[in-house]
Amino acid sequence: MRLKLFVARPPTDDPVPTIIFNHGSTGRGVNKAVYSRRWCPSHMQDYFTQRGWMVVFPQRRGRGGSEGVYGEGLAADGSGYSCQPDIALAGFERAVADIDAVMAHLKTRKDVDFGRIAIGGASRGGILSIAYAGMRPESLVGAVNFNGGWLGRACPSHETVNPLIFKRGAANKAPTIWLHGSYDQYYRIAHCRRNFDGFVAAGGKGTFNAAPMGHSLLFKPLLWRKHLDAFMQRLEA
């Protein structure tokens with residue numbers, strides 16, 4: 001099974017630092033038309049390539065042109081994402097397997113600086129990135145989380161599932177940055193702060209920033225650029 005990757009790189013033939021940047025969910029998971037849309041925001045391509053980084057946007061199974069059937073925790077009755085923790089966590093593990101495949105591919109490329117691979121993403125891609133960095137601690141130098149969470153507040157179980165997944169990231173002592181919207185319609189800012197505090201209490205390293213924005217914070221660079229600039233400078237030092 002093959003995954004579609006959209007790649008943007010700076011104008012050089014030398015090996016360059018690389019970040020895997022992950023997409024989120026599909027709203028409530030009921031609109032299959034969304035599955036075919038590719039996710040590779042041009043402003044994020046420009047942000048990283050202008051810093052001399054290659055950015056890879058994986059489209060996980062069944063999404064954005066990748067092979068397979070999409071199913072990251074969908075309920076069997078077609079009602080969208082399941083609130084049942086076992087189903088949600090199985091969906092998360094499926095996403096982890098897809099990122100493992102991406103990492104394996106990067107190791108075959110001659111244009112990747114293997115000593116400087118980072119990971120990031122938005123929404124489900126954000127929590128996936130923090131957790132994956134801890135699950136594969138020898139592989140990644142840092143993680144970027146925009147508005148991360150696996151289940152939204154419409155599921156009471158989000159108060160259990162999200163902290164559990166985030167704590168998986170604590171095993172990696174590399175830096176992380178958490179960028180959240182104070183008015184996120186899916187994840188209340190107090191919930192996000194508790195997720196971060198639990199991550200730190202478990203041994204994780206990171207900084208938390210809240211901006212006056214909702215779930216689309218990623219698309220408002222003026223609200224986060226200075227914070228991410230400072231973080232990237234740490235990775236580049």
Judged by atom type as modelled, is there a donor-acceptor pair below 3.5 Å linking the side chain of [X] to the main-chain atoms of [Y]?
X	Y	value
Ser182	Ala211	yes
Thr12	Asp14	yes
Thr176	Ala174	no
Ser66	Lys4	yes
Tyr35	Gly29	yes
Thr26	Val34	no
Ser157	Pro85	no
His43	Leu218	yes

Check ion pair [X]-[Y] (N to O, under 4.0 angstrom):
X	Y	result
Glu67	Arg2	yes
Arg136	Asp100	yes
Arg188	Asp184	no
Asp113	Arg116	yes
Lys173	Glu138	no

Among residues two or more places apart or on two chains, list those pairs meeting side-chain hydrogen bond (donor to acceptor under 3.5 Å, both in side chains) that have a residue in residues 202-214.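 Residue pairs passing side-chain hydrogen bond (donor to acceptor under 3.5 Å, both in side chains), neighbours aside: Asn209-His227.
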Spacing of [atom1] belonging to [X] relative to [atom2] belonging to [Y], to within rounding of 0.5 Å:
X	Y	atom1	atom2	value
Phe21	Trp53	CZ	CH2	12.0 Å
Ile177	Ser129	CD1	OG	13.0 Å
His23	Arg124	NE2	CZ	10.5 Å
Leu235	Ile19	CG	CD1	8.0 Å
Ile165	Glu93	CD1	CD	8.5 Å
Tyr183	Met213	OH	CE	11.0 Å

Considering only heavy atoms from C-beta outward, does the side chain of [X] approach that of [Y] to under 4.5 Å?
X	Y	result
Leu5	His105	yes
Asn22	Arg60	yes
Ile20	Pro58	yes
Tyr186	Arg153	no
Cys192	His180	yes
Trp150	Phe166	no
Phe57	Gln45	yes
Phe6	Val55	no

Verdict with reasoning, Glu72 to Arg61, per salt bridge (Lys or Arg N to Asp or Glu O under 4.0 Å): CA-CA 9 Å; Glu72 291 180 351; Arg61 269 175 281 179; over 6 Å; no
Are there more than 12 heavy atoms of other residues, nucleotides or ligands under 6.0 Å from atom CZ of Arg193?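 Yes, CZ of Arg193 has more than 12 neighbouring heavy atoms, counting only those of other groups under 6.0 Å.
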Counting only heavy atoms not in Asn31 (residues, nucleotides, ligands), do more than 12 fall under 6.0 Å from its CG?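 Buried by this count: over 12 neighbours within 6.0 Å.
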Transitively linked via ILVMFWY side-chain contacts under 4.5 Å: [X] with [Y]?
X	Y	value
Ile189	Leu179	no
Val144	Trp39	yes
Val112	Tyr132	yes
Ile117	Leu3	yes
Met232	Met44	yes

Please report the closest heavy-atom contact between [X] and [Y], naming both atoms and the distance.
X	Y	value
Tyr70	Arg63	CD1-CG, 3.4 Å
Ile127	Asn162	CD1-O, 3.8 Å
Ala133	Ile119	CB-CG2, 4.4 Å
Ser139	Met103	CB-CE, 3.6 Å
Ala88	Ser82	CB-O, 4.2 Å
Tyr187	Ser123	OH-OG, 3.9 Å

Trace of the side-chain contact (heavy atoms from CB on, under 4.5 Å) decision for Thr160 with Leu151: CA-CA 9 Å; Thr160 301; Leu151 291 180; over 6 Å; no
Is the distance between the ring centroids of Phe208 and Phe196 less than 6.0 Å?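 They qualify: ring centres under 6.0 Å apart.
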Using the benzene-type ring in the case of Trp, are the ring centres of Trp224 and Phe146 under 6.0 Å apart?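 That pair passes the under 6.0 Å test.
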